[in-house]
Amino acid sequence: GADIRIRHVGVTYPNGFTALRDVSLDIPAGQMVGIVGLSGAGKSTLVRTINGLVPITSGTITLGDHELRPAGQRQMASRELRQLRSSVGMVFQSFNLVKRTSVLNNVMMGRLYHNPAWRVLLAAWSKDDVELAMQALERVEIVSKAYEKAASLSGGQQQRVAIARTLTQQPRVILADEPVASLDPPTSHVVMRDLQRICSDLGITVLVNLHFLDLARRYCERLVGLRAGEVIFDGPVADASESV
Ligand code: ADP
Ligand code: ADP
């Protein structure tokens, strides 16, 4: 069955601008989906609706047992929203690390949803938490940097730390919003390969927004093309024509 079910979703921002119209997608568990389109097409809005970061104004989004609905309809309790967010890891273009602290402490932030906040803030980790973090760092091949300051790492390494941080969340879905937009081409390939491996080895569903069709073609199984807030293509990578 579908892991993420997006049904007739629309997003109109408070200023009246409609960024998504009637978007419907079924995304099976463990699929790697590239969302492509020009700047302003609605890619970022779409991924942000899935963890409730951007409220939808029509339609529904179902993620496992959780259903997101527009304001005015029955809303999730804050506890349920927290549960949903803990199962969805986010990766951003700008990495969003705490630069002055260690790589390990950054990766531990992913445990925030699974621990009382004081533990994370005081870096009072349990043995299991540390083990999870180290495993996550191994997966992105950056374990040797665990005790270095995040700021001392290259952009590509910082993005891999951000990916490791989502892994310690033990998410079912990773949403990556232009994860390689600020990286050079060779580094972009490393980061995309990491995401691809995480998807295939761990069965985590990955939705990744990409500017560049060649990266999407090379690393994703399925492409969703957006234009002006509407889905204009949805299918296996092999079927994607140059026009997407
Ligand atoms: P993409 O990720 O494809 O570049 P976005 O989802 O960021 O597209 O933006 C889609 C459109 O929605 C753009 O025209 C953008 O300016 C607009 N937009 C994004 N966020 C907001 C907001 N908070 N309020 C109003 N308009 C917004
Ligand atoms: P990105 O390029 O990473 O999608 P943007 O620069 O488009 O980021 O947007 C940065 C922030 O500004 C986002 O939170 C987005 O929602 C908001 N935003 C974008 N366009 C508009 C807009 N036209 N009106 C209000 N907020 C906007």
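Each ligand, and each atom within it, is numbered from 1 in the order the structure gives. Everything quoted here is computed from the prediction, not taken from an experiment. Position 1 is the first residue of the sequence; numbering continues from there.
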Within the structure, does [X] bring an N/O atom to less than 3.5 angstrom of an N/O atom in ligand 1?
{"X": "Phe17", "value": "no"}
{"X": "Asn209", "value": "no"}
{"X": "Asp177", "value": "no"}
{"X": "Ala19", "value": "no"}

Nearest option to atom 4 (O) of ligand 1, as decided by whichever heavy atom of Gly40, Gly37, Ala181 sits closest: Gly40

Members sharing Leu122's hydrophobic cluster (side chains within less than 4.5 Å): Trp118

Electrostatic pair Arg85-Glu80, nearest N-O below 4.0 angstrom: no

Ligand-side contact atoms (ligand 1) for residue partner Lys43, heavy atom cut-off under 4.0 Å: 1 (P), 2 (O), 3 (O), 4 (O), 6 (O), 8 (O)

Backbone N/O of Leu153 and side chain of Gln158: donor-acceptor pair under 3.5 Å: yes

Check: Asn106 side chain, Ser102 main-chain N or O, donor-acceptor pair, under 3.5 Å: yes

Side chain, backbone, both or neither: Thr45 near ligand 1, heavy atoms under 4.0 Å: both

Part of Leu38 within contact of ligand 1 (heavy atoms, under 4.0 Å): backbone

Set of ring pair (Phe, Tyr, Trp, His ring centres under 6.0 Å) partners for His189, sequence neighbours left out: Tyr219

Chi angles and distances behind the side chain to side chain contact (heavy atoms under 4.5 Å, CB included) call for Ser182, Phe95: CA-CA 10 Å; Ser182 53; Phe95 324 133; 3.8 Å; yes

